[in-house]
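See below for the structure under consideration.
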Amino acid sequence: MIKAIFCDLDGTLVRPGGFVLAEDINLLRQVTSTGVRLVFVTGRPSRCLSDLPAAVMQLSRRVITSNGASEVVDGGTRILAALDGQKVRDFAAALRKADPEVSFATEFESAFGYEPGYAWWPATDTGADGFSADIPALTSNGLTITKLLCRSATLNARHLAQKAEALGFSVTVTYSCRPEEGGPVEVMSPLASKGHAVRRILQEADLSATDAVAFGDRANDIPMLEAIGEAVVIGAPTEPRLSVFESATSVGKWLTTHDERWRTRRPESRETT
C-alpha cells in the first residue's frame, strides 16, 4: 500500500502559468485524508514558494526545496546541505576555464546573487532580493549558499552539465529545464539531491522505498524517481533517462487508475509531513 507520496511541483503538479488540475488537487486531498504522507520536492528555493497556488500549499506542511539543499516545514526554512564558499570559487574558476562563455549566480534561499553577465531566469531569479557582484564577492559575504547556477552563452544545459561533471568536483550537478535549453545548470553540495531528501524522510518515517510513489518530469527528478519503489513521469519524457520510468498524463489520473493502492487504507490522523 502507498504510505507516502513525493511530488515535484513545476511541470508535474503545477502547469505553465501556475495552473493546477482540479482533479490532481481533489485526488491528493482524498489520498492524504487516509493518512498517506505527502511531501512536495522542488527545485525552487524556499523564497520562491509564495506564488504557488494556495490549493497546492494547503496540501502539505513540508516542502523539500532547492533540490534537497533546504526544506520548509510549517513555513520555517532549514538549510540541509550548504555549499562551501571556497569550493564554489574553485569550481567556478575551473568551469570558466573549460567554458569561457559561462556566467554564474548564487542562491542563498532568502536572496539571489548574480554576476553582471548572468541572464536571469524569470521563473525564480527576479525580485527585490537580487543583487549583482562577481563570484568572489558572492561567495564571501556571509550568506549561506545552497546553489551555484551556471549559464553558458554557447552550450545547452546537457552539454554544460557534462562539462561541469567532467571537472571531477564532489558536487551534485543537475538541471530542471529541458536539456536542449540554455539552463541554468545547478550545482549543489554532494549531499543535496531530491534522492537524498526522499531517502532521509523515508528513514525518519520508518518506511521503505516500496511504501512510496514519486511523481516528476525533469532531469532533476531522476534521483528521487530512482530512490522510490514506484516512480512516475508526468507527461512525455524530456530525455532518454526518463524513459525507463512509468508515465502518466497527470498525478490525478495515476492515482485514480491505481486507487486500490490507497483507497483500502483505514483513515488515520492526517499526516502530511
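Predicted model, so just to flag it, every value in this text is computed and none were measured. Residue numbers run from 1 in the order of the sequence given. We use all heavy atoms of the structure for the numbers below, so side chains are in, but hydrogens, waters and symmetry mates are not.
- To the nearest 0.5 angstrom, Arg263 atom CZ is 11.5 Å from Ile2 atom CD1.
- Ile79 and Val63 are not part of a single hydrophobic cluster, where members link through side-chain heavy atoms under 4.5 Å apart.
- In this structure Asn220 satisfies the side chain to side chain contact (heavy atoms under 4.5 Å, CB included) test together with Asn67, Thr174, Ser176, Lys194, Arg218, sequence neighbours excluded.
- Residues Arg37 and Ile5 form no side-chain contact, since every pair of their non-hydrogen atoms from C-beta on lies 4.5 Å or further apart.
- Other members of the hydrophobic cluster containing Leu21, listed by chain and number, are Phe19; membership follows side-chain contacts under 4.5 Å among ILVMFWY residues, whether direct or relayed.
- Interatomic distance, Ile234 CD1 to Asp221 CG, rounded to the nearest 0.5 Å: 10.0 Å.
- For the atom pair SG of Cys150 and CZ of Arg96, the computed distance is 9.5 Å after rounding to the nearest 0.5 Å.
- A salt bridge does not link Glu109 with Lys147: none of the charged nitrogens is closer than 4.0 Å to a carboxylate oxygen.
- Of the possible donor and acceptor atoms, one in the side chain of Asn26 sits under 3.5 Å from a partner among the backbone N and O of Ala22.
- Taking Glu101 as the reference, Asp99, Ser152, Ala153, Thr154 meet the side chain to side chain contact (heavy atoms under 4.5 Å, CB included) condition, with sequence neighbours excluded.
- Within the 3.5 Å criterion, the main-chain N or O of Lys253 finds a donor-acceptor partner in the side chain of Ser250.
- In terms of heavy atoms, Ile135 sits closest to Thr139 at O-OG1, 2.8 Å.
- With hydrogens and angles disregarded, a donor-acceptor distance shorter than 3.5 Å links the side chain of Thr146 to the backbone of Glu107.
- Proximity of Phe131 to Asn141: side-chain heavy atoms (C-beta onward) are separated by under 4.5 Å at one or more points.
- Under the side chain to side chain contact (heavy atoms under 4.5 Å, CB included) criterion, Thr256 pairs with Glu23, Leu27, sequence neighbours left out.
- With sequence neighbours left out, Phe91 forms a ring-ring contact (aromatic ring centres under 6.0 Å, His included) with Phe169.
- Checked by atom type and distance alone, the side chain of Lys87 never pairs as donor or acceptor with a backbone atom of Ser189 at under 3.5 Å.
- Distance check, rounded to the nearest 0.5 Å: CZ of Arg158 to CD of Glu181 gives 11.5 Å.
- At least one side-chain heavy atom of Phe215 sits less than 4.5 Å from a side-chain heavy atom of Leu255.
- Under the salt bridge (Lys or Arg N to Asp or Glu O under 4.0 Å) criterion, the residue pairs touching residues 222-245 are Glu230-Arg261, Glu239-Arg241, with sequence neighbours excluded.
- Looking at residues two or more places apart in sequence or on another chain, you find no ring-ring contact (aromatic ring centres under 6.0 Å, His included) involving Phe245.
- Every residue meeting the side chain to side chain donor-acceptor pair (under 3.5 Å) condition with Thr210, not counting sequence neighbours, appears here in chain and number order: Ser208.
- Applying the side chain to side chain donor-acceptor pair (under 3.5 Å) rule to Thr42 yields no partners; only residues at least two apart in sequence or on another chain are considered.
- There is a path of hydrophobic side-chain contacts, each under 4.5 Å, that joins Leu138 to Val171.
- Although no hydrogens or angles enter the test, the distance criterion places a donor-acceptor pair under 3.5 Å between the side chain of Ser132 and the main chain of Tyr114.
- Here the side chain of His258 pairs a donor or acceptor atom with the backbone of Trp254 at under 3.5 angstrom.
- Across all non-hydrogen atoms, the minimal contact from Ala248 to Val232 is CB-CG1, 3.8 Å.
- You'll find the side chain of Leu149 reaches within 4.5 Å of the side chain of Glu186, heavy atoms only.
- Listed here is the closest heavy atom pair of Pro223 and Arg199: O-NH1, 4.5 Å.
- The two residues Ser247 and Gly235 come nearest to each other via the heavy atoms CB-O, 4.2 Å.
- Residue Phe40 is grouped with residue Trp262 when hydrophobic side chains (ILVMFWY) are merged at heavy-atom distances under 4.5 angstrom, including chains of intermediate members.
- Residues satisfying the side chain to side chain contact (heavy atoms under 4.5 Å, CB included) criterion with Ala157, sequence neighbours excluded, are Tyr175, Cys177, Val185.
- Leu207 is connected to Val198 through a chain of hydrophobic side-chain contacts under 4.5 Å among Ile, Leu, Val, Met, Phe, Trp and Tyr, so both are in one cluster.
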Item to check | Worked check of side chain to side chain contact (heavy atoms under 4.5 Å, CB included) between Val31 and Leu38 | outcome: CA-CA 9 Å; Val31 174; Leu38 171 62; over 6 Å; no
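- Once rounded to the nearest 0.5 Å, the distance linking NZ of Lys3 with CG of Leu202 reads 11.0 Å.
- Between Arg89 and Asp134, no side-chain nitrogen of the basic residue sits less than 4.0 Å from a carboxylate oxygen of the acidic one, so the salt-bridge criterion is not met.
- Under the 3.5 Å distance criterion, the side-chain polar atoms of Thr32 are matched with a main-chain donor or acceptor of Arg29.
- For the pair Asp24 (side chain) and Gly252 (backbone), a donor-acceptor distance under 3.5 Å is present.
- In the hydrophobic clustering of ILVMFWY residues, with side-chain heavy atoms under 4.5 Å counting as a link, Val88 and Val187 come out together.
- Here Asp90 pairs with Gln86 under the side chain to side chain donor-acceptor pair (under 3.5 Å) rule; sequence neighbours left out.
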Next on the checklist: I'd like to know whether Arg200 forms a side chain to side chain contact (heavy atoms under 4.5 Å, CB included) with Leu80, so could you lay out the CA-CA distance, the side-chain angles of the two residues, the decisive distance to 0.1 Å, and finally the verdict.
Outcome noted: CA-CA 11 Å; Arg200 176 175 55 83; Leu80 302 174; 3.1 Å; yes
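- Taking all atoms of both residues into account, the shortest heavy-atom contact from Pro179 to Asn156 is O-CG, 3.3 Å.
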Checklist entry - Would Ile145 and Phe108 satisfy side chain to side chain contact (heavy atoms under 4.5 Å, CB included), going step by step from the backbone distance to the final call? => result CA-CA 5 Å; Ile145 307 167; Phe108 303 113; 3.6 Å; yes
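- Atom OG of residue Ser46 and atom CD of residue Glu71 lie 10.5 Å apart, to the nearest 0.5 angstrom.
- Between Leu52 and Val14 there is a side-chain heavy-atom pair separated by less than 4.5 Å.
- Side chains of Ile25 and Val56 form a contact here, defined as non-hydrogen atoms less than 4.5 Å apart.
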Next on the checklist: Walk me through whether Ile222 and Leu242 qualify under side chain to side chain contact (heavy atoms under 4.5 Å, CB included).
Outcome noted: CA-CA 7 Å; Ile222 291 174; Leu242 291 166; 3.6 Å; yes
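- Take Ser103 and apply the side chain to side chain donor-acceptor pair (under 3.5 Å) test, not counting sequence neighbours, and it matches no residue.
- Using modelled atom types, one finds a donor on one side chain and an acceptor on the other under 3.5 Å when comparing Ser70 with Thr65.
- Cys7 and Leu13 make their closest contact through SG-CB, 4.1 Å (heavy atoms, listed as atom of the first residue, atom of the second, distance).
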